[in-house]
Amino acid sequence: MTALQRLTHAATLIWWLPAIVLLFARPAAFQVGHTYRVRRACRLMEAGRLDEADRLIARLREDAERYRRRVAASL
């Protein structure tokens, strides 16, 4: 490869990198947060703190539904 080709490929990657990151980062961030809250709800239920677990589960459902609507609207 010539230096010009390498420079062109690097420039193209730098140009598209923010779009690629945004495409994958948002769903990944949602998944990480969702998984953490699910595990926390399980720990709360095991500890017998059912009222807090119920609130957390309700919030999980609301967040998941809000995320589904947002994704459907973007398509």
Side-chain angles (χ1 to χ4, degrees):
M1 284 179 112
T2 66
L4 182 59
Q5 285 176 327
R6 288 183 182 171
L7 183 63
T8 303
H9 290 167
T12 304
L13 178 63
I14 290 170
W15 178 263
W16 285 105
L17 191 59
I20 293 168
V21 168
L22 288 176
L23 180 68
F24 293 108
R26 191 173 181 185
F30 174 80
Q31 183 64 34
V32 167
H34 186 78
T35 303
Y36 170 76
R37 288 183 295 202
V38 166
R39 288 182 183 160
R40 183 168 176 247
C42 289
R43 285 192 308 266
L44 287 170
M45 285 189 290
E46 290 171 359
R49 298 164 66 181
L50 299 178
D51 56 337
E52 288 183 54
D54 285 342
R55 284 195 300 268
L56 185 57
I57 291 169
R59 198 171 82 203
L60 280 167
R61 287 183 182 138
E62 291 169 4
D63 289 348
E65 186 59 35
R66 190 178 317 121
Y67 183 76
R68 283 190 196 107
R69 282 191 302 250
R70 195 178 323 140
V71 169
S74 68
L75 298 176

**Item:** hydrophobic_cluster_shared for Trp16 and Phe24, side chain cutoff 4.5 Å
**Value:** yes
**Prompt:** side chain to side chain donor-acceptor pair (under 3.5 Å) with Thr35: which of Arg37, Arg39, Gln31?
**Reply:** Gln31
**Request:** Kindly work out whether a path of hydrophobic side-chain contacts (I/L/V/M/F/W/Y, heavy atoms less than 4.5 Å apart) joins Phe30 to Val71.
**Result:** yes
**Asked** Does Ile20 belong to the same Ile/Leu/Val/Met/Phe/Trp/Tyr cluster as Trp15, with side-chain heavy atoms less than 4.5 Å apart forming each link?
**Response** yes
For residues 45-59, tabulate all N or O donor-acceptor pairs below 3.5 Å that involve a side-chain atom, not counting sequence neighbours.
residue	atom	partner	partner atom	Å
Arg49	NE	Glu52	OE2	3.0
Arg49	NH2	Glu52	OE1	3.0
Arg49	NH2	Glu52	OE2	2.7

**Request:** With sequence neighbours excluded, give me every salt bridge (Lys or Arg N to Asp or Glu O under 4.0 Å) pair touching residues 64-75.
**Result:** Asp63-Arg66, Glu65-Arg68
